[in-house]
Amino acid sequence: MTLELTTDVLVVGGGPAATWAALKAAEEGAAVVLADKGYCGTSGATASVGTGVWYVPPEPDAREAAMASREALGGYLADRRWMARVLDETYERVNELADAKYPFPVGPDGTSLRNGLQGPEYMRRQRIRVRRAGVTILDHSPVTELLTSFDGAVAGAAGHQRQADRPFRVRAGAVVLATGGCAFLSKAFGCNVNTGDGALFAAEAGAELSGMEFSNSYGIAPEHTSVTKTAFYNYATFYRADGSVLEGAGSQRGRSVIARTLLSEKVFCKLDLADEAAQKAMRLAQPNFFLTFDRLGVNPFTDPFAVTLLAEGTVRGTGGIRIVDDGCATTVPGLYAAGDAATRELICGGFTGGGSHNAAWAISSGSWSGRAAARFARSIGRGARRVQAAGGAGLRPAGRSSDVDIAEAVRTVQAEVLPYDKNYLRHGDVLRDALGVLDGVWESLRSVESAGIASVPARQAAAMVAHARWMYTSALVRNESRGMAKRLDHPELDPSQHHRITSGGLDRVWARPEVAA
Amino acid sequence: MIELISTQQCIACDKCILVCPTNVFDRGADGLPVISRQSDCQTCFQCEANCPADALFVAPHTHPLPEASFAHDEEHLRRTGLLGSYRRDIGWGRGRTPAAARAVGPALSPSGPPLIS
């Protein structure tokens, strides 16, 4: 028996952007359903990791410094107007969290410190707030496709509830995709729910992507573990197995040195630049950072430990669904994008470091998309619309169906996007070869017919291969090095390529410089 | 990965089954949770953080550990204080203060604010 719901706004996802979207849509008076693949409150990168927040008081000098700080790193692709409105919105929303009793710590001078959020605490509170706002939460309810109306507008979504083992369909006046980025099941901290599903759904409905070349983010973690929290590696020295210092290696600058070295030998680390006071304070700030070390019996300040780099794709990378107005609308009527699912280039350009901009973007784009979606839903009214299901690859075969080993397809994609010498240290020749393999995987997934619970991994596989193809196609259009999109075969920044790159398409993937509006 | 469910401490509240973002658990015939899909575990520690009975242990490794590993030695985990340590560290549970309230970390730059997450 299919669960059938009708609502004004459907939010897909359950992390920060999704919860802010749900809250603000509900405040606008909309009926809201939130469907999360996992559990709203624990799902996604933020709930596990925690995050700094780009929280800057509205003082002109502080705001100017905040906006200027990463413009060069991002290759000057960010937009000052968007930065300013994100700073405004984030400041208000974080203060709203304080009013809602989030326990911000108090600094030595007695002021409330609001430049970060503990993940589990933040997201358990967001869940409570969303419930109190009257939102219907569907946990363990992965969406597998959008529903569109005869005029091409998005009119809901369908999926399969994995614990209840039943299909569900939500008809909605507007849909917000807040499904996160794509980390290709790399097991980076909290990221395995982030398989880029929203970007696939959006593209199937006709939406575009932007900045997909900015998708080669890698986080440091102790070898064979998951905690990719990197701030404290600012205190690190990196070593070779023989104990000599690995010159040029570092967390903020020099992560590529670590990647290059890891291709042929192990890299070790000690947080030996932290003094005793810093060591003590670090435990208070990030209890989850120390989980790994305490359980391994390693003292990270004195014992060298082997490190790895885990792919964080577009979770930390800035590419995502292209948005076209201040309400985070996509090019498709009724479809909005927020958080890591949307492009973050507007405030970060082509580079993102820690979580602070990402968190601010999730809060701001979530809030804007929720409000805009509610207004859109109100404008079209509740009348019944004829809808059709928009899902393709992994769900409905383009021609004859055939048996495809989905797990094997995922491994094939991972073999093209996880290795440092393909995705991190990019070269045009390697990217072209990889695209050939990825096109083949896409083609095979086009013949897959799936239903029920089996449709979830099949659609995740399709989303990941689509993501990888947009990434590498975009990277090949950017014949220079800008932001994190560095090319070994084009190591310099080329002033004539100072533009964003739009991409899209499914069977035929395309990427081209953005045409100025 | 999730390595241990203490049948001694578990109160069969289903919380871990509900909160696991990657749906690793099922409810067993006796009402206790079972680890049905360990390979889907993303080592996020959320089940442990949300277990009101400190009955779960997540090893830091992203691959399964052998039977003889410390992660399956309940007595050892209890003695060393590892069982339930994440919940204690984040200040969750009756009578505890959320650790967020005292999360004043080091400043990473001389002019920057203290890190609080």
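For the numbers below, each heavy atom of this structure counts, side chains included, while hydrogens, waters and symmetry mates do not. Proteins come first, then strands; the chains are lettered A, B, ... in the order of their sequence lines, and each starts at number 1. In this text the structure is predicted, and so the values were computed from the model without any measurement.
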For A:Q252, look at atom CD and say whether over 12 heavy atoms of other residues, nucleotides or ligands are found less than 6.0 Å away. no
Which portion of A:C191 sits near chain B, non-hydrogen atoms under 4.5 angstrom: backbone
Side chain, backbone, both or neither: which part of B:A71 has a heavy atom under 4.5 Å from chain A? neither
Residue pair A:M282 / B:L115, side-chain heavy-atom distance below 4.5 Å: no
Chain A contact via B:A100 - which portion, at a heavy-atom distance below 4.5 Å: both
Are the side chain of A:Q118 and the backbone N or O of B:A103 linked by a donor-acceptor pair below 3.5 Å? no
Within a strict 4.5 Å, meaning less than it, do heavy atoms of the A:P120 and B:F45 side chains meet? no
Name the option with the most non-hydrogen atom pairs under 4.5 Å to chain A; the candidates are B:N23, B:L82, B:T43, B:D89. B:N23
Is it true that B:E48 and A:R295 have a side-chain N and a carboxylate O under 4.0 angstrom from each other? yes
Can you say whether A:A274 sits under 4.5 Å from chain B via the side chain, the backbone, both, or neither, judging by heavy atoms? neither
Looking at A:R162, A:Q279, A:K280, which makes the most heavy-atom pairs under 4.5 Å with chain B? A:R162
Region of B:C41 that comes under 4.5 Å of a non-hydrogen atom in chain A: backbone
With only heavy atoms counted, which part of A:F289 is less than 4.5 Å from chain B, the side chain, the backbone, both or neither? neither
Heavy-atom pairs under 4.5 Å with chain B, option from A:G38, A:P222, A:A281 with the top count: A:A281
Would you mind reporting whether A:E121 and B:P98 have side-chain heavy atoms less than 4.5 Å apart? yes
Counting heavy-atom pairs under 4.5 Å to chain A, which of B:H63, B:M1, B:Q42, B:H61 comes out on top? B:Q42
In terms of heavy-atom pairs under 4.5 Å with chain B, the winner among A:G116, A:C40, A:P142, A:A231 is A:G116
Note: vs chain B, highest number of non-hydrogen pairs under 4.5 angstrom among A:R114, A:Q163, A:R283 is A:Q163
Crowding at CZ, A:R63 (>12 non-hydrogen neighbours, <6.0 Å): yes
If you count heavy-atom pairs under 4.5 Å between each of B:L108, B:D40, B:T62 and chain A, which one has the most? B:T62
Does the side chain of B:Y86 reach to within under 4.5 Å of the side chain of A:F290, using non-hydrogen atoms? no
Of the listed residues (A:S43, A:G190, A:A278), which shares the most heavy-atom pairs with chain B below a 4.5 Å separation? A:G190
Kindly indicate whether the side chain of A:D294, heavy atoms from C-beta on, has any atom under 4.5 Å from the side chain of B:S85. no
Heavy-atom distance under 4.5 Å to chain A: side chain of B:N50, backbone, both or neither? side chain
For chain B, which candidate among A:V53, A:V49, A:L296, A:D139 shows the most heavy-atom pairs at distances under 4.5 Å? A:L296
Leading residue by heavy atom contact count with chain A [cutoff under 4.5 Å; candidates B:G91, B:P60, B:P113, B:G105]: B:P60
Is A:F293 in contact with chain B via its backbone, its side chain, both, or neither, using a 4.5 Å heavy-atom distance? neither
Minimal non-hydrogen separation, B:C44 against A:S48, with atom names: CB-OG, 3.2 Å
Decide yes or no for A:Q286 and B:S117: does some side-chain heavy atom of the first lie under 4.5 Å from some side-chain heavy atom of the second? no
If I compare all heavy atoms of A:L113 with all of B:I116, which pair ends up nearest, and what's the gap? O-CD1, 3.4 Å
More than 12 heavy atoms of other groups within 6.0 Å of B:R27 CZ: no
Quick one: what part of A:N288 sits under 4.5 Å from any heavy atom of chain B, side chain, backbone, both or neither? both
Donor-acceptor check, side chain of A:N115 to backbone of B:P114, threshold 3.5 angstrom: yes or no? yes
With distance as the sole test, does A:T42 use its side chain to make a donor-acceptor pair with the main-chain N or O of B:C20 at under 3.5 Å? no
Please check: side-chain N/O of B:Q46 versus main-chain N/O of A:A47, any donor-acceptor pairing under 3.5 Å? yes
For chain A, which candidate among B:T80, B:I17, B:L77 shows the most heavy-atom pairs at distances under 4.5 Å? B:I17
Measuring from atom NE2 of A:H140 to atom CG of B:L18, what distance do you get when rounded to the nearest 0.5 angstrom? 5.5 Å
